[in-house]
2 protein chains.
Amino acid sequence: MKRITIYDVAKEADVSLATVSRVINDSNVVREDTKQRVQEAIEKLGYKPNAIAQGLALSKTTTVSIVMSEKLFAYNGKILNGLMDVAKIYNYNIMFHTTSQGISKMQDVIESIIKSHVDGVILFNDNFSEDEMEVLQEYQIPMVVVGSLLPETKVNNVGNVYVDFEKMAYEMVNELFDKGINDISLVEDKLNLSMMEQMRSGIERAFHDHGTEFKKYISYDETYKSSYNFLTEYFKTNKPSQFVFTFRDSQAIAVLNSCQEAGYKIPDDCQLVCVLNNKYLSMTRPNISTFNIPEYDMGAVSMRLLTKMLVDDESVRENKSIELGYSFIPKGTTK
Amino acid sequence: MKRITIYDVAKEADVSLATVSRVINDSNVVREDTKQRVQEAIEKLGYKPNAIAQGLALSKTTTVSIVMSEKLFAYNGKILNGLMDVAKIYNYNIMFHTTSQGISKMQDVIESIIKSHVDGVILFNDNFSEDEMEVLQEYQIPMVVVGSLLPETKVNNVGNVYVDFEKMAYEMVNELFDKGINDISLVEDKLNLSMMEQMRSGIERAFHDHGTEFKKYISYDETYKSSYNFLTEYFKTNKPSQFVFTFRDSQAIAVLNSCQEAGYKIPDDCQLVCVLNNKYLSMTRPNISTFNIPEYDMGAVSMRLLTKMLVDDESVRENKSIELGYSFIPKGTTK
DNA sequence: TTGTACGCGTTATCAA
DNA sequence: TTGATAACGCGTACAA
């Protein structure tokens with residue numbers, strides 16, 4: 001079955017292809033009755049414009065690339081939801097790229113982004129180096145980074161939608177100090193290293209403000225099982241900290257389970273917070289305290305920012321950096 | 001910055017664009033020294049072929065569409081991983097489409113698939129009607145459906161990679177009957193309705209084989225919270241079934257928590273199985289028994305099947321339906 | 001208001 | 001072995 005082209009429609013409606021093109025693109029110079037005829041022909045033949053040919057003619061694909069690490073997207077469902085919903089509203093197609101250590105290096109992803117001539121790119125944090133961003137920049141591909149605050153960089157003109165994890169950690173630790181709590185741990189999340197870095201630096205700043213030094217940055221393997229095993233062993237000879245920051249659900253649950261099984265009471269012996277919120281935190285006993293990070297909005301705002309940059313870069317030249325708020329959700333693991 | 005085209009390379013290497021094209025596409029008729037010259041020019045200018053133009057010229061985009069419902073992809077991470085890895089190997093780009101009730105109806109997704117001229121489509125179950133598949137079929141777009149067994153349909157020539165949930169349920173229930181257990185419930189999962197249908201029919205068949213009738217197909221709202229609340233209320237006046245099938249982690253955990261809190265012992269008073277396995281099932285006490293569904297393989301096999309269909313449909317004409325195995329993983333909620 | 005003709009960047013066919 | 005040139009399907013100046 002041959003695909004219907006604009007020529008077929010033109011012949012059917014007995015006009016030139018230019019006229020058909022005008023009808024498709026809502027030009028208002030077409031006379032009403034010919035417009036009618038053309039639309040009937042389109043309907044009759046079931047014509048759909050070829051986006052590839054349009055892309056070539058216009059040098060515009062109405063497609064944006066989303067890049068995230070293979071391990072992350074199970075956790076970033078809501079961000080992805082936000083991205084997809086807004087992309088749908090603006091009629092953008094999504095090219096989806098994942099990166100992982102072995103099979104798909106960022107290098108290949110960049111290569112395919114450039115070849116595909118997508119109109120813009122959305123990058124998740126922890127996925128790329130500055131060099132890699134510069135490559136994209138050379139090709140003038142509009143770009144927004146979603147996740148945490150982008151460090152000062154020579155790569156300019158990049159959109160950034162973020163939550164200020166540094167501030168979040170800083171404020172929380174200050175409050176803890178006010179309550180007399182100073183034995184605080186931060187459990188590393190290898191999937192979100194840039195966010196970890198910011199939280200750590202916020203905590204360090206708070207410690208420093210109180211004339212002391214933060215030492216309990218805990219780093220071990222990334223799976224629930226190994227975390228759980230590590231901690232179970234650890235708690236045989238060590239007491240838990242007064243307060244533990246974790247980033248993801250599974251880390252928090254590992255702490256909760258191992259700690260409770262070692263005979264410690266939560267939140268009495270050890271308070272616990274998990275930064276990223278999801279339903280699993282409500283399935284434990286007690287429920288795990290967390291933050292309300294506006295994940296869906298992070299996606300939605302990022303995509304909206306990108307579309308603005310695509311339509312008219314000037315209009316957003318000065319405010320490509322958008323901070324989103326957060327709030328603490330106390331549950332059963334803090335007091 | 002103007003993008004480098006094949007013309008620029010031709011001029012730089014002092015050959016015609018035809019020759020450049022031959023070098024790019026590994027034609028073996030090019031003399032070695034000119035090939036050298038061209039490659040140097042490509043290198044020097046940083047030329048990358050424009051995939052859009054290639055797509056137009058070849059009527060082939062090396063892009064495949066993946067369609068899944070917005071709510072599902074948080075659960076289908078592993079399938080997606082399998083899909084992406086294999087796509088990467090065969091150098092296919094991925095167009096990612098999500099469907100949801102409001103914003104992006106399947107109709108729009110189909111429209112954009114057709115316009116994009118992707119080479120093939122991978123559909124997740126529960127995402128489309130037979131009519132919608134027929135539309136894709138009309139446009140001759142190769143298609144594979146991943147998830148559960150496709151029912152007999154007039155839409156032919158569709159790939160299908162599946163796990164036989166009907167058999168799984170049937171076998172398990174038979175074993176239960178052998179052990180004298182006949183009070184069995186199946187909790188509906190609204191996110192995976194076609195799989196539910198198959199499990200239900202497997203259970204019904206087993207009941208029928210034993211001369212009785214299956215009645216405990218339980219259906220309520222889909223979130224953890226509402227499930228938990230429903231069950232908590234339910235167990236105030238009702239005993240749990242001897243054996244409960246759930247599909248997703250949150251449903252299983254809702255049963256586990258509410259049941260235990262109502263004073264029932266698991267697995268003594270009530271046995272529990274969750275079909276889809278993930279790490280959260282190991283975070284509960286006791287750990288929840290489950291099945292090993294080869295999710296990653298489902299994705300990988302699907303994509304490989306699709307690429308085969310794209311390259312040479314004849315070679316796979318007779319075996320487009322691929323069943324993958326499963327196995328039971330007993331943990332603490334069964335005995 | 002409509003049509004003609006060129007350009008978008010490739011591949012492929014044919015001559016040379 | 002190489003080079004012109006016609007497609008691929010569309011948008012758009014420009015002409016009519």
Side-chain angles (χ1 to χ4, degrees), chain A residues 1-39 41-42 45-63 93 112 114-119 139-140, chain B residues 1-39 41-42 45-63 91 93 112 114-119 139:
Chain A
M1 188 199 73
K2 177 180 168 299
R3 290 256 192 149
I4 307 295
T5 74
I6 199 167
Y7 294 100
D8 302 318
V9 176
K11 194 186 296 174
E12 175 74 26
D14 199 31
V15 293
S16 78
L17 76 166
T19 302
V20 178
S21 176
R22 290 190 187 99
V23 172
I24 295 170
N25 298 294
D26 261 345
S27 163
N28 46 7
V29 300
V30 186
R31 206 169 53 208
E32 194 55 38
D33 60 328
T34 58
K35 184 187 254 178
Q36 280 289 334
R37 253 195 0 268
V38 171
Q39 270 163 343
I42 289 175
L45 300 178
Y47 166 71
K48 315 263 185 210
N50 179 336
I52 302 299
Q54 287 179 321
L56 189 59
L58 292 174
S59 299
K60 182 175 186 322
T61 52
T62 51
T63 299
N93 289 316
S112 106
I114 293 168
K115 287 181 180 171
S116 305
H117 282 239
V118 296
D119 297 334
Y139 284 87
Q140 315 256 71
Chain B
M1 186 199 74
K2 176 182 169 298
R3 290 260 191 145
I4 307 296
T5 73
I6 200 168
Y7 293 101
D8 303 319
V9 176
K11 194 185 294 173
E12 176 74 25
D14 199 30
V15 293
S16 77
L17 76 167
T19 301
V20 178
S21 177
R22 290 193 187 95
V23 171
I24 295 169
N25 298 294
D26 263 344
S27 164
N28 47 6
V29 299
V30 186
R31 207 169 53 208
E32 193 56 37
D33 60 327
T34 58
K35 184 188 256 180
Q36 281 288 334
R37 251 195 3 269
V38 171
Q39 270 164 343
I42 289 175
L45 300 178
Y47 166 72
K48 314 265 184 210
N50 179 335
I52 302 299
Q54 288 179 320
L56 188 60
L58 291 173
S59 298
K60 181 174 185 326
T61 52
T62 52
T63 299
N91 273 309
N93 291 315
S112 107
I114 292 169
K115 288 182 181 171
S116 305
H117 281 240
V118 297
D119 297 334
Y139 283 88

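Below, chains carry the letters A, B, ... as their sequence lines are ordered, and counting in each starts from 1.
Note that the two end axes of the helix from dT1(C)-dA16(D) to dA16(C)-dT1(D) enclose an angle of 50°, each drawn from 5 base pairs, rounded to 10 degrees.
Counting only distance, with no hydrogens or angles, the side chain of Asp119(B) and the backbone of Thr62(B) share a donor-acceptor pair below 3.5 Å.
If you measure from atom CD1 of Ile52(A) to atom C1' of dG9(D), you get 11 Å, rounded to the nearest angstrom. Rounded to an integer number of Å, the gap from NZ of Lys115(B) to P of dG9(D) is 17 Å. Whole-Å rounding puts the Leu56(A) CG to dA7(D) P distance at 17 Å. One atom, NZ of Lys60(B), and another, P of dG9(D), lie 16 Å apart when rounded to the nearest Å.
Partners of Thr34(A) according to the side chain to side chain donor-acceptor pair (under 3.5 Å) rule, which considers only residues two or more places apart in sequence or in another chain, do not exist here. Judged as a side-chain contact (heavy atoms from CB on, under 4.5 Å), and not counting sequence neighbours, the contacts of Leu17(B) are Ile6(B), Tyr7(B), Ala10(B). Every side chain to side chain donor-acceptor pair (under 3.5 Å) that Lys48(B) has, sequence neighbours left out, goes to Glu111(A). Here Asp26(A) pairs with nothing under the salt bridge (Lys or Arg N to Asp or Glu O under 4.0 Å) rule; sequence neighbours left out. Applying the side-chain contact (heavy atoms from CB on, under 4.5 Å) rule to Arg22(B) yields the partners Ala18(B), Thr19(B), Ser27(B), Val29(B), Val30(B); only residues at least two apart in sequence or on another chain are considered. Taking Lys11(A) as the reference, nothing meets the side-chain contact (heavy atoms from CB on, under 4.5 Å) condition, with sequence neighbours excluded. With sequence neighbours excluded, the residues that form a side chain to side chain donor-acceptor pair (under 3.5 Å) with Glu12(B) are Lys44(B). A search for side-chain contact (heavy atoms from CB on, under 4.5 Å) contacts involving Ser59(A) returns nothing, not counting sequence neighbours.
The residue Thr5(A) sits close only to the backbone: its heavy atoms come under 4.0 Å of sugar-phosphate atoms, none of a base.
Annotation for Ala41(A) and Ala13(A): closest pair CB-CB, 3.8 Å, computed over non-hydrogen atoms.
Rounding to the nearest 0.5 Å places CG of Asn93(B) at 9.0 Å from NZ of Lys115(A). Between Tyr47(B) atom OH and Ile42(B) atom CD1 the span is 7.0 Å, to the nearest 0.5 Å.
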What are the atom names and distances for every N/O pair under 3.5 Å that joins the protein to nucleotides 3-6 of chain D?
residue, atom, partner, partner atom, Å
dG3(D), OP2, Ser16(B), N, 2.9
dG3(D), OP2, Ser16(B), OG, 3.2
dG3(D), OP2, Thr19(B), OG1, 2.7
dG3(D), N7, Arg22(B), NH1, 3.4
dG3(D), N7, Arg22(B), NH2, 3.3
dG3(D), O6, Arg22(B), NH2, 2.4

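Between Asp14(A) and Arg37(A), none of the side-chain N atoms (NZ, or NE/NH1/NH2) sits under 4.0 Å from a carboxylate O, so this pair counts as no salt bridge.
In summary, contact between chain A and DNA chain C, defined as any nucleotide atom under 4.0 Å from a heavy atom of the protein, begins and ends at dT1(C) to dG9(C) in the 5' to 3' direction.
A heavy atom closer than 4.0 Å to some atom of DNA chain C occurs in Val29(A), Val30(A), Arg31(A), Thr34(A), these being the qualifying members of residues 25-35 of chain A.
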